[in-house]
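So that the names make sense, note that chain A is the first sequence line, chain B the second, and so on, each numbered from 1.
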There are 2 protein chains.
Amino acid sequence: MASRAKATIFDIAREAGVSKSTVSLVLQGSGLIRPETAVKVRKAIEDVGYVYNRGAANLRKAHSNVIGMVINDLTNPFFAELAVGMERVFQSAGIVPFIANTAENPVRQEEVLKSLMEQGVAGLIVSPARGTTPGAFHRLETAGVPVVFAMRRLPESRIPVIAPDNHRGAWLAAAHLIGKGHRRLAFFGGSSDLVVYHERLGGFREACEALGIAAADITVVEGETSRRGGMACLETAMSGNEPPTAALCFNDAVAFGVMLALRKRGLEPGADFAVVGFDDVVEAQHYMPALTSVSVDTAGLGERAAHAMLKMIQSRTTRAEDHIGAVNLVIRESSGPDRLAETGDAA
Amino acid sequence: MASRAKATIFDIAREAGVSKSTVSLVLQGSGLIRPETAVKVRKAIEDVGYVYNRGAANLRKAHSNVIGMVINDLTNPFFAELAVGMERVFQSAGIVPFIANTAENPVRQEEVLKSLMEQGVAGLIVSPARGTTPGAFHRLETAGVPVVFAMRRLPESRIPVIAPDNHRGAWLAAAHLIGKGHRRLAFFGGSSDLVVYHERLGGFREACEALGIAAADITVVEGETSRRGGMACLETAMSGNEPPTAALCFNDAVAFGVMLALRKRGLEPGADFAVVGFDDVVEAQHYMPALTSVSVDTAGLGERAAHAMLKMIQSRTTRAEDHIGAVNLVIRESSGPDRLAETGDAA
DNA sequence: TTGATTCATTGGAACGTTCCATTTATAGAG
DNA sequence: CTCTATAAATGGAACGTTCCAATGAATCAA
């Protein structure tokens with residue numbers, strides 16, 4: 001049982017018979033102290049059970065080496081992967097990032113950001129919650145804390161963004177489905193208060209237009225970005241009188257839901273209805289049937305974001321280049337075999 | 001663009017025409033200040049773009065209101081759910097927990113714990129990494145920081161534990177399989193350096209013994225606790241000359257892997273080989289076939305752990321009761337229909 | 001021997017807050 | 001009108017560190 005009050009550098013100094021300043025230098029690994037002294041001090045540090053007080057240090061040092069990662073939904077494996085990619089980079093830089101979850105709730109996000117600022121973070125990587133108000137990051141900006149957005153962006157904001165090429169990904173996916181012979185297509189899931197949503201839907205629409213699909217043959221159903229949301233989307237779409245035969249889903253979770261709902265209706269995903277997801281989470285390849293999906297290199301984007309952050313901190317700037325990551329359509333079973341020239345029936 | 005240097009309570013004081021002490025009282029919501037003064041001060045706080053410096057405050061206050069959650073594998077949805085359960089409690093207590101991931105790496109864990117201590121956490125909820133050395137939490141203990149273990153425990157440690165009844169869960173699962181008529185059983189995945197592993201395997205073994213399964217008919221294959229690990233386990237087990245017909249898996253990820261490997265071999269999980277998982281993650285019910293699994297109420301345990309932590313902090317103690325959560329076998333398709341009295345063939 | 005030069009160590013002030021002991025203002029009792 | 005009680009606001013010390021300027025010791029050139 002160590003002494004009640006926690007040890008400070010003064011205790012170490014007394015124990016080692018040096019001054020507090022010397023101890024401080026040792027702690028910072030300064031080359032100025034004599035090796036033997038350093039050894040003596042380090043021993044004392046062990047003996048008294050010293051714990052460095054970073055709060056006190058930051059009071060003087062101004063810059064803090066704590067980095068926060070604010071994630072909108074940790075239970076979504078996609079974002080968990082993102083977080084892991086970032087961590088890899090930070091780990092090799094010797095810094096421990098703190099993760100906070102906002103559960104897609106702007107109010108919670110506000111609390112989280114406030115708390116992190118009070119903690120004196122050196123920088124923040126954020127995947128903003130749905131419905132984040134434009135001013136939410138204003139305080140961060142005026143405080144001069146570097147921020148980068150990962151995966152998601154805010155409508156009008158000068159904060160740098162690291163995200164995949166959503167537009168192109170959706171374009172590729174739609175083209176793939178059309179190439180398979182589908183003529184009535186759907187876009188399932190997501191909500192229009194997300195910029196990503198418009199990017200993906202936009203790419204989808206453009207491909208349809210470019211490849212001769214009439215606007216009337218496009219079904220768009222907004223919905224929760226979850227399995228349950230996907231199930232609901234399919235039900236809605238199939239209740240129409242000329243239902244789609246293929247769908248691009250806002251993300252993989254929605255796609256999984258759509259596939260479940262298809263099975264419930266006695267339809268086989270892939271054979272009877274083509275499904276394409278977005279994000280290509282690890283489960284996509286293991287699903288039955290395996291899910292065709294737009295791969296975005298999640299962990300890679302995470303690493304990129306982390307590097308950008310480190311650079312911003314180092315160069316004391318709050319600006320950085322956006323980075324739009326390459327995407328790549330991974331074709332598996334869920335988008336089915338080629339459709340032989342069936343009836344077009346288009347209006 | 002706000003002024004360069006960050007604002008302090010002195011700036012607020014000057015702006016509002018009061019003393020720094022008054023500002024401090026307002027910040028703490030003291031009832032001693034005249035309402036009009038409080039309003040005036042609060043306005044000044046806004047005007048100067050003040051950010052509270054928690055580090056400086058903690059220097060005096062001793063207790064910090066930061067709680068850390070140290071998770072061994074965030075990409076496992078099981079632990080993500082646990083984290084979310086804890087967060088729910090902390091949120092309503094008005095505190096923002098910081099999550100850190102150790103990626104199942106004891107060295108990383110050491111860094112993470114050190115960093116959190118330096119940050120002056122008020123308490124820590126930890127799901128320790130595999131292979132954590134017995135002394136890893138010694139510093140925390142001598143520093144008097146309250147710690148609770150969630151889901152996992154260390155071999156000999158006085159730190160309170162919140163975990164499911166692993167022994168009973170495994171017992172129920174094994175009994176279920178035996179009740180279905182299986183006589184050659186396997187236990188797949190997990191590694192023996194985890195206490196949980198012994199608890200689960202122990203329950204499994206006891207049920208087998210109690211219900212008349214010969215030790216020779218039990219196959220135990222250790223392996224990674226992941227889909228890939230599960231696939232490997234199945235391959236190993238099936239290469240024997242009297243392979244098992246049913247398996248209890250260390251967790252759901254392993255079970256998913258086992259089912260994939262079965263399919264690869266042309267066997268249908270459920271019909272040709274019974275599979276039971278452990279943890280009952282959300283995907284279990286959506287899988288094809290739906291996975292029979294031992295449900296442990298993950299989020300509930302998370303909440304419990306969080307409450308325990310809050311209580312420990314409040315009562316300034318480092319001790320608390322262990323809590324072993326009830327478990328419950330959820331029977332779905334993967335454990336298959338009853339096996340008609342086939343050959344027993346037991347030795 | 002002296003002065004300059006380098007190396008190792010040191011005391012003091014500062015960082016932004018809280019808390020205690022005081023002070024000042026206001027009101028009520030005698 | 002004085003005295004006491006209460007309410008509101010305040011100055012100063014302290015928390016544990018870092019950094020700067022200063023000190024002391026050792027080495028070396030002249």
Quick one: on DNA chain D, does A:V23 or B:L32 contact a more 5' nucleotide (nearest heavy atom)?
B:L32
Contact class for [X] (heavy atom, under 4.0 Å): base, sugar-phosphate, or nothing?
X     : value
A:L27 : nothing
A:I9  : base
A:F10 : base
B:S24 : base

In whole Å, I'd like the distance from the [atom1] atom of [X] to the [atom2] atom of [N].
X      : N      : atom1 : atom2 : result
A:L59  : D:dA14 : CG    : C1'   : 12 Å
A:N53  : D:dC15 : CG    : P     : 12 Å
B:K40  : D:dA8  : NZ    : P     : 13 Å
A:N58  : C:dT17 : CG    : P     : 14 Å
A:R14  : C:dT9  : CZ    : P     : 20 Å
B:I33  : D:dA7  : CD1   : P     : 14 Å
A:Q119 : C:dT17 : CD    : C1'   : 14 Å
A:R54  : C:dC15 : CZ    : C1'   : 17 Å

Ignoring backbone atoms, test whether [X] places a side-chain nitrogen or oxygen under 4.0 Å from the OP1 or OP2 oxygen of [N].
X     : N      : answer
B:R34 : D:dA9  : yes
A:T8  : D:dG16 : no
B:Q28 : C:dC19 : yes
B:T22 : D:dT10 : yes

Indicate the atoms forming the closest heavy-atom contact of [X] with [Y], along with that distance.
X      : Y     : value
A:A56  : B:L59 : CB-CD1, 3.5 Å
B:F90  : B:M69 : CE1-SD, 4.2 Å
A:L113 : A:V70 : CD2-CG2, 4.1 Å

Does a side-chain N-to-carboxylate-O contact under 4.0 Å join A:E110 and A:K114?
no
Taking NZ, NE, NH1 and NH2 as the nitrogens, is one of them in A:K43 or A:E46 under 4.0 Å from a carboxylate oxygen of the other?
no
Is it the case that [N] (base atoms only) and [X] (side chain only) share a donor and an acceptor within less than 3.5 Å, ignoring hydrogens and angles?
X     : N      : value
B:R60 : C:dT17 : no
A:K20 : C:dG12 : yes
B:S21 : D:dG11 : yes

Name the closest nucleotide to the A:T37 side chain, picking from C:dT9, D:dG16, C:dG16.
C:dT9
Counting only side-chain heavy atoms from C-beta out, which of D:dT18, C:dT17, C:dT9 sits nearest to A:Y52?
D:dT18
Indicate yes or no for a side-chain donor-acceptor contact from B:D73 to the backbone of B:E104 under 3.5 Å, with no hydrogens or angles considered.
no
